Structure formats: structure tokens, C-alpha cells
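All values reported here derive from a predicted model rather than from experimental measurement. Lettering follows sequence order; numbering is per chain, from 1.
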Number of protein chains: 2
Amino acid sequence: MTSPVGRASTTVATERAPLRSARAASVYREILGAILDHRLPPGTRLPEDEVGAVYGASRTIVRSALEALSHEGVVSIEPNRGAAVAHPTVAEARAVFEARQLIEPRVAATAAERAVEADIAMLRRQMEAEHDALHAGDHRRAIVLSGDFHNSIAAIAGQPVFASFVRELVVRSSLILSLYWRRREATCATPAHGALITALATGRSGEAARLMDEHIADLLDGLDLSERETRPVSLADMLALRR
Amino acid sequence: MTSPVGRASTTVATERAPLRSARAASVYREILGAILDHRLPPGTRLPEDEVGAVYGASRTIVRSALEALSHEGVVSIEPNRGAAVAHPTVAEARAVFEARQLIEPRVAATAAERAVEADIAMLRRQMEAEHDALHAGDHRRAIVLSGDFHNSIAAIAGQPVFASFVRELVVRSSLILSLYWRRREATCATPAHGALITALATGRSGEAARLMDEHIADLLDGLDLSERETRPVSLADMLALRR
DNA sequence: AAGCCTCGGATCGTATACAAACTGTGCTAA
DNA sequence: TTAGCACAGTTTGTATACGATCCGAGGCTT
């Protein structure tokens, strides 16, 4: 592990369409990892040369990685302006969670029907890792693992289309959380994951769906979306923030 | 309209993450259009130089367009092998329609709540255009317009995340239809679109959802997925087919 | 003093050159 | 005759050079 992101996700939610070159894929993963665990906050510029210098890659490679990230909505690219870590609006945040609330309960139900013992064991390991990270005060890692948990469930459901949707939604949620998360103490509702595992292990698809729905509703509830709604509109406020 | 695809979609389901360069976006649209209306069948190789020669673009541009297409699952890229029009398997076909069946009814319901008169008028125009194309025996155009119809509903619903998912699913469906469509006569069940418009116009969200669900089930029903299921597995069968 | 303009640095857009990889063909040897 | 191999042609992978664009700084004008 010589890379700067030594402790990136273990589940390695593999990108939907594998980048052709291994180098581009590597840069892609590094940047994604940095965004996921909030080392790169929303809005951070990602100049091609600079990124390339960091990872020892040429602009060609970096460009390919950035384009891939932009297709997933984690990076936004403006023509002639370059790439930056995406900065989801309140409306986007709502839309993402709305989509999660439709898709993930269904995915959880399917996962409950198909999960075998090894799957459950893996989920337990992930949850423990998340728990450990939380206890160690490693919030960055905890948030990444929490996302992995959702991705793993999608993987267990064995429906690749949904899995890729969930993957994208989870990644974007990470960005949203870093912008709009309200209660820093109640971190990511780990107990919800435990209950979910139980439902999955016992094959109760209906309950799994219900728990997932509640879990996501809970996450959404932890967001502070209403009051900032008008904030970015006011230029005065933005200037005040700068001074 | 000097382009070879003069009659591409009018709704122009704009790509999710706009390609940075206008040239790349143009190549992207041309290829996508050609895939959508089945001029480029699944499996067709897309060598960078060749595509570039056709559109008078350099490989850099073509590459960017192909990568974008591959992120949407319409083109598959294998490292060192290049790009080809995707060739969805039976399993993928099922997965895509399963996803549509979850997402689109919900989208239709939302659209029913939000549709204004102009929206309904647009849908009617699209349906008529589809109808005309069908009467003129222009199946290529009809299939594109049919996809546009679904995209428009998603646009009306005003939920960008769902809209982009629908867009991707619709595009992939076009590929699936060209491979697995069984009954060539009953083309795309236009009456279903008419009923849907009525439900949307009268704001009956529940009925819109139900109609959409049935419509997609109907599409799925028109696919010939079962018998080919085992075919690609057996090498002997494949060889037998060749002779 | 405020607004406008020009210029310079930084960054992106694109083409292209060269290297690496893969495919298929034809030759050679068993 | 057939298996293996070497080589040539084609296509992709990558770096880089050069031009275009954008943004901000500083000076100039009013």
C-alpha cells in the first residue's frame, strides 16, 4: 500500500464500466476514495495537471478518470473551466434520497431472498469494521464503510442494473452528507445496519424492505436541507461568509 | 441538418453529464442516434479511426464520445480491443426491464401530479409523430420516438435523478428490443401511450402508475428471452449454429 | 475614486506522434 | 498434415506539443 489512500474501501465497489486503462482506473479510484471520505470537499477544483502531478499520470489519463467521475455525478466538469468536486444543491440532495428510497428497499428485499451464509458473514464483518472505525474516531473510514454496506447489499441482490444505480446514489450521498449533515453525534445509525442484517439472514424480505426504507428516511431526516434552501441565492450571505 | 442523422430525436434527451466539447457531444449524439434506430446493430465494432473518419473528428474526440457511451451501457469497451455496440445478454435484458418496472410507474405518477397543459400537448405531438412514422412504415423513427415519449414523461416528473436513470434504461431497451423483439407486427403498443396521456392529463397518478407498469410488462412480454437462455452457455450449440 | 481595458498566467481543447498490444497469416518443422 | 512460431498489419494506449479560452491584475481614462 504505497498509495495515499491506503485504507480505501475493501469491498471495492468496482466502477460500472471499467475504464480501459489500469492507470486511469487507479487515478479514478484514488480520487473517488478521497471524495468519499471527505478529504476532498465539494467544490474543490481538480486541475488536470495538478492531479496528474500527484499521481504521476499524464493529462490523458487524468482526463479519462475525471470524465468517468463526472458521469457518476461526483465531479462536475464545465467546458473550458475544468473539473471540480461536485457540490450538490439541496434539490439534488432530495432527489438522490428520493431515488434511494424507491430503489434500495426493493434491493434489500431481493437480497433477503438470495442471501447465503457467506453474504451475511461479509455484511457482519463490514458492520464490525464500521463500528470499530467509529469507536476509533475514524469518521472518514466509517462513512466509507457505511456506503460499502449498502453496495454490498445491492451486490447480494444480484441485480446489476440496480447495483450500479445504488452505487452511484451512495457515492453522491457521501457528498451530500458532507455538505448537509446535521447531527454529528448520531453517526450513520449503525444499529439500523444490524437490524437489516438480521432481516436478511432470516430471509424476511418484507421486513428488510421496511427497515431499509426507514433507514434511508432516517438518513434524510438527519440532513439540514430546509434552512439553507435560500442561502445560496443570496449573494450578500455568500460574501459575508468570505470575510 | 447536414448530418447523416437528420431525423434524430426531436426531444433530444440530453446526455446526463454534458460532454465538455461540442464536437465530442456531436459524435456522441450521432452514434447514439445510429444505435437507437438500429442502424448499428449490437456487436458492431467501432474502431476509433474509422468513426473519426466518418465524422471528420480526431481520435481524441471519438474516444471521449465512446467512453461516454460506454458509461451508459450502450457501447462496451474492452481494454486493448476497442469499442463495440453493446450486446446485452438475456440476463441484462431482464434486469433492465425489472428496473424500468420499478422506476417508471413511480415517475409516471409524479408526472401526473405535475404535468401542465404544455406538457400534455408535447406528449400528444410526440405520440402523433410516432403514429405517423409507424404508418409510413418508418420503424426506425418510430422506435426512437417511442423512447422519447418515456423520456419526456421523466422530464415532466422533474426529478433529474430518475430522469437520467430512465434515459439510460430506455436507451438500453432499444438495444434489447433489436435483439430480442418477438412480434414485429404489434409495434410498441402505441395505444398504451394514448391511455397514459389521458391519465397524466387528468392528474390520476395512481392510474398513470398502473398503466405504465402494464405497458412495460407488455413490452417485456413481447421479448423472446426464455428460449435463448441456455444457448450462449453451450459451446456445441454455438458451433452447430455456425454451420 | 470608479469603471473600463489590456495583458499575462493558468488551464483546457485537440491533434498527432510513437509505443504497445492484439489478430491473423503463412511458413517451417515434426 | 498439423502444430507451433514468427512476423506484419491493424488498432488501441499514452504522452506531449500547440492553440484557444478564461480569469484576474494592473494600469489607464474619465
Side-chain angles (χ1 to χ4, degrees), chain A residues 3 14-15 17-31 34 40 42-71 74-87 235-236 238-239 241-243, chain B residues 3 14-15 17-31 34-35 40 42-71 74-87 235 238-239 242:
Chain A
S3 90
T14 123
E15 58 271 18
L19 294 174
R20 31 180 121 205
S21 104
R23 320 252 305 275
S26 158
V27 173
Y28 167 95
R29 278 191 301 269
E30 296 292 345
I31 298 177
L40 288 175
T44 309
R45 303 233 65 126
L46 299 168
E48 293 172 2
D49 317 355
E50 210 169 314
V51 174
V54 170
Y55 298 120
S58 81
R59 280 181 55 210
T60 310
I61 304 293
V62 173
R63 179 166 267 262
S64 173
L66 289 175
E67 266 166 29
L69 289 163
S70 103
H71 284 293
V74 244
V75 155
S76 70
I77 297 181
E78 281 171 290
N80 285 318
R81 299 285 333 275
V85 178
H87 193 299
L235 183 62
M238 289 183 66
L239 295 173
L241 270 178
R242 284 245 145 205
R243 305 216 167 130
Chain B
S3 89
T14 124
E15 57 273 18
L19 294 174
R20 31 180 119 206
S21 101
R23 320 252 307 274
S26 159
V27 173
Y28 167 95
R29 277 192 302 268
E30 295 292 346
I31 299 177
I35 292 176
L40 288 175
T44 310
R45 303 233 64 124
L46 300 168
E48 293 173 2
D49 326 4
E50 211 168 313
V51 174
V54 170
Y55 298 118
S58 82
R59 279 182 55 211
T60 309
I61 304 292
V62 173
R63 179 165 267 262
S64 172
L66 289 175
E67 267 167 29
L69 289 163
S70 102
H71 286 296
V74 243
V75 154
S76 70
I77 297 181
E78 282 171 288
N80 286 320
R81 298 285 333 278
V85 178
H87 193 300
L235 183 61
M238 288 183 67
L239 294 173
R242 284 246 144 206

Notebook entry, point to check: Given B:Glu67 and A:Arg63, is the side chain to side chain contact (heavy atoms under 4.5 Å, CB included) satisfied, shown in steps?
Noted result: CA-CA 11 Å; B:Glu67 267 167 29; A:Arg63 179 166 267 262; over 6 Å; no
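The side-chain heavy atoms of B:Thr44 and B:Ile35, taken from C-beta on, include no pair separated by under 4.5 Å.
The nearest pair of heavy atoms linking A:Leu66 to A:Leu46 is CD1-O, 3.8 Å. Closest heavy-atom contact between B:Ile61 and B:Arg23: CG2-C, 3.8 Å. Shown here for B:Ala84 and B:Gly43, the closest heavy-atom pair between the two residues is CB-O, 3.9 Å.
In this structure, B:Ser70 OG and B:Glu78 CD are separated by 11.5 Å, a value rounded to the nearest 0.5 Å.
For DNA chain D, the span of nucleotides reached by chain B at under 4.0 Å from its heavy atoms goes, 5' to 3', from D:dT12 to D:dT14.
Listed by chain and residue number, nothing satisfies the salt bridge (Lys or Arg N to Asp or Glu O under 4.0 Å) test with B:Arg45 (two or more places apart in sequence, or in another chain).
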Margin query: Counting primed atoms plus P, OP1 and OP2 as sugar-phosphate and everything else as base, spell out the protein contacts along nucleotides 10-21 of chain C at 4.0 Å heavy-atom distance: B, S or - for each nucleotide, 5' to 3'.
Written below: --BBBBBB---S
